[in-house]
Amino acid sequence: MKLFEMTSELLDECGKCRPRHARMREEEREPDFFGEVKPYADRVHQLIADWKKTSNEWIRKERPKHVHEAQIENAADMMTQFVVQSFYPKTGKKRFYDSIQSAEYLLKTMMAAMEEGTDDAQ
């Protein structure tokens with residue numbers, strides 16, 4: 001999978017976390033960790049790991065103006081956490097929503113940089 005596709009998929013994943021969290025708060029139930037959370041999180045965490053590795057390679061090669069390796073590291077850590085947190089109703093909203101917003105901003109910035117460039121990330 002190309003970097004642009006992975007970035008787009010992660011952006012979509014960010015968009016799914018808010019409504020999932022709201023639904024879990026509404027239902028006021030704890031999810032089945034092994035039946036519900038773990039299989040979902042394992043798939044997304046693998047995507048995040050692949051994205052992180054590919055993103056860092058892209059940054060070293062293309063040197064985009066507004067995207068740096070430290071941002072990739074921070075976004076990967078945040079996404080790894082909030083994907084799991086989105087299943088739990090007791091997760092605090094402020095930090096959770098701020099983390100999603102931060103990751104979305106970076107992902108959109110990366111996509112714009114890839115669209116501008118003439119590289120093979122797409």
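Values in this document were obtained by computation on a predicted structure and should not be read as measured data.
The existence of a salt bridge linking K61 and E57 is excluded, since no basic side-chain nitrogen approaches an acidic carboxylate oxygen closer than 4.0 Å. For the pair R43 and E13, the salt-bridge criterion is met [side-chain N within less than 4.0 Å of a carboxylate O].
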Worksheet item: Do K52 and N56 pass the side chain to side chain contact (heavy atoms under 4.5 Å, CB included) test, and can you show the C-alpha distance, the side-chain angles, and the key distance before you say yes or no?
Response: CA-CA 6 Å; K52 181 177 160 182; N56 285 330; 4.0 Å; yes
Worksheet item: Going through the checks in order, is the side chain to side chain contact (heavy atoms under 4.5 Å, CB included) test met by T109 and Q71?
Response: CA-CA 11 Å; T109 301; Q71 292 171 294; over 6 Å; no
Worksheet item: R25 and K93: side chain to side chain contact (heavy atoms under 4.5 Å, CB included), yes or no, with the steps?
Response: CA-CA 10 Å; R25 287 176 75 105; K93 283 174 75 172; 3.6 Å; yes
Practice prompt. Run the numbers on V84 and H45 for side chain to side chain contact (heavy atoms under 4.5 Å, CB included), then give the verdict.
Written response: CA-CA 10 Å; V84 173; H45 288 173; 3.8 Å; yes
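Taking the ring centroids of Y40 and F87, they lie under the 6.0 Å cut-off.
With rounding to the nearest 0.5 angstrom, the SG atom of C17 is 12.0 Å from the CE atom of M24. From L47, atom CG reaches atom CG of L10 across 4.0 Å, with rounding to the nearest 0.5 Å. Note that the CH2 atom of W58 and the OG atom of S55 stand 7.5 Å from one another [nearest 0.5 Å]. Atom CE of M114 and atom OG1 of T7 lie 3.5 Å apart (nearest 0.5 Å). Distance check: I100 CD1 to L107 CG gives 11.5 Å after rounding to the nearest 0.5 Å. Atom CG of L3 is separated from atom CD of E62 by 10.0 Å, given to the nearest 0.5 angstrom.
No more than 12 heavy-atom neighbours from other residues, nucleotides or ligands sit within 6.0 angstrom of CD on Q101. Around CD of E28, the count of heavy atoms belonging to other residues, nucleotides or ligands within 6.0 Å does not exceed 12. Within 6.0 Å of CZ on F33 lie more than 12 heavy atoms contributed by other residues, nucleotides or ligands. Counting non-hydrogen atoms of other residues, nucleotides and ligands closer than 6.0 Å to CZ of R60 gives a total above 12.
For Q46, the side chain to side chain donor-acceptor pair (under 3.5 Å) partners two or more places apart in sequence, or in a different chain, are D50. E36 pairs by the side chain to side chain donor-acceptor pair (under 3.5 Å) definition with R29, not counting sequence neighbours.
The two residues F82 and S99 make their nearest non-hydrogen contact at CE2-O, 3.7 Å. The minimum heavy-atom distance linking M110 with W51 is given by the pair SD-CZ2, 3.4 Å.
For S8 (side chain) and F4 (main-chain N/O), no donor-acceptor pair under 3.5 Å exists by modelled atom type.
Using a 4.5 Å heavy-atom threshold, the side chains of H68 and I59 count as separate. Looking at heavy atoms from C-beta onward, K2 lies out of side-chain contact with T54 at the 4.5 angstrom threshold. Counting heavy atoms from C-beta on, the side chains of T91 and S86 never come closer than 4.5 Å. Side-chain contact between Y88 and H21 is absent, with no heavy-atom pair separated by less than 4.5 Å. Looking at heavy atoms from C-beta onward, L106 lies in side-chain contact with V67 at the 4.5 angstrom threshold. Residues P89 and E26 fail the side-chain proximity criterion, which asks for heavy atoms closer than 4.5 Å. Side-chain contact between F34 and P39 is absent, with no heavy-atom pair separated by less than 4.5 Å.
The hydrophobic clustering, which links ILVMFWY residues whose side-chain heavy atoms are closer than 4.5 Å, places M78 and M111 together.
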